[in-house]
Chemist: 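Got a structure for you, written out below as structure tokens; questions coming shortly.
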Amino acid sequence: MCLAVPGRVVGIEERDGTPMARVDFGGVVKDVCLAYLPEIGVGDYAIVHVGFAIQRLDEESALATLRLFERIGALEEEFGDAWTRAATEAGGTRKEEER
């Protein structure tokens with residue numbers, strides 16, 4: 001599943017002429033393209049889909065959505081380590097699988 005997830009902008013830079021941000025999604029920080037929202041600032045919240053910030057969001061709505069996603073396991077599904085999850089589901093651990 002590919003979700004549009006709210007995150008908080010924690011840093012902004014220009015990379016090869018493209019505005020980029022470091023965005024915190026409840027503890028997971030990813031690089032995000034700001035081409036559609038170049039006016040967004042550090043501390044603002046944005047909805048991010050496939051690596052692009054697509055809409056600004058108020059903090060209350062962003063945090064409520066993150067809590068809901070966490071409760072239903074959507075953040076783990078979206079951002080979790082797939083190898084560790086697959087190994088756990090198979091009854092092992094990633095370290096055991098690497099041996």
Side-chain angles (χ1 to χ4, degrees):
M1 178 189 321
C2 190
L3 299 172
V5 180
R8 183 173 177 270
V9 176
V10 295
I12 295 176
E13 68 181 5
E14 189 170 306
R15 201 175 303 153
D16 297 324
T18 302
M20 298 292 291
R22 297 285 292 158
V23 178
D24 183 347
F25 299 95
V28 175
V29 179
K30 300 272 187 177
D31 288 330
V32 171
C33 180
L34 297 179
Y36 300 131
L37 291 177
E39 72 284 352
I40 203 160
V42 172
D44 288 340
Y45 284 83
I47 296 175
V48 177
H49 182 63
V50 294
F52 288 85
I54 58 174
Q55 183 178 348
R56 180 178 281 136
L57 188 64
D58 65 275
E59 182 177 15
E60 183 180 342
S61 297
L63 295 176
T65 302
L66 285 170
R67 283 190 300 271
L68 174 63
F69 283 178
E70 184 175 22
R71 193 172 76 221
I72 64 173
L75 291 177
E76 175 63 27
E77 183 176 325
E78 189 72 9
F79 297 116
D81 182 319
W83 292 105
T84 300
R85 190 170 51 252
T88 300
E89 291 172 2
T93 67
R94 184 174 182 186
K95 290 190 185 302
E96 291 171 354
E97 295 295 322
E98 291 173 350
R99 290 184 198 158

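Values below: all heavy atoms of this structure, side chains included; hydrogens, waters and symmetry mates excluded. Just so you know, these numbers come straight off a predicted model, no measurement behind them.
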Chemist: Indicate every side-chain donor-acceptor pair of residues 11-19 with a distance under 3.5 Å to a residue at least two apart or in another chain.
Modeler:
from, atom 1, to, atom 2, distance (Å)
Glu13, OE2, Arg15, NE, 3.1
Glu13, OE2, Arg15, NH2, 2.6

Chemist: How close do Ala21 and Val9 get, counting heavy atoms only, and between which atoms?
Modeler: CB-CG1, 4.0 Å
Chemist: By side-chain contact (heavy atoms from CB on, under 4.5 Å), which residues pair with Glu39, not counting sequence neighbours?
Modeler: Leu37, Arg56
Chemist: Do Tyr45 and Thr65 have side-chain heavy atoms sitting under 4.5 Å apart?
Modeler: no
Chemist: Run Val48 and Val5 through side-chain contact (heavy atoms from CB on, under 4.5 Å) and show every step you take.
Modeler: CA-CA 5 Å; Val48 177; Val5 180; 5.6 Å; no
Chemist: What I want to find out is whether Asp31 reaches Arg22 closely enough, with some N-O distance under 4.0 Å, to be called a salt bridge.
Modeler: yes
Chemist: In terms of hydrophobic clustering (I, L, V, M, F, W, Y; side-chain heavy atoms under 4.5 Å; direct or indirect links), are Val42 and Val23 co-clustered?
Modeler: yes
Chemist: Examine Ile40 and Met20 and state if one hydrophobic cluster contains both, with Ile, Leu, Val, Met, Phe, Trp and Tyr joined whenever side-chain heavy atoms are less than 4.5 Å apart.
Modeler: no
Chemist: Work out which heavy atom in Pro6 is nearest to a heavy atom in Leu57; give both atom names and the distance.
Modeler: CB-CD2, 3.6 Å
Chemist: Please round to the nearest 0.5 Å and tell me the distance separating atom CG of Leu34 and atom CD1 of Ile54.
Modeler: 12.5 Å
Chemist: Identify, with sequence neighbours excluded, every residue that meets salt bridge (charged side-chain N to carboxylate O under 4.0 Å, His left out) alongside Glu59.
Modeler: none
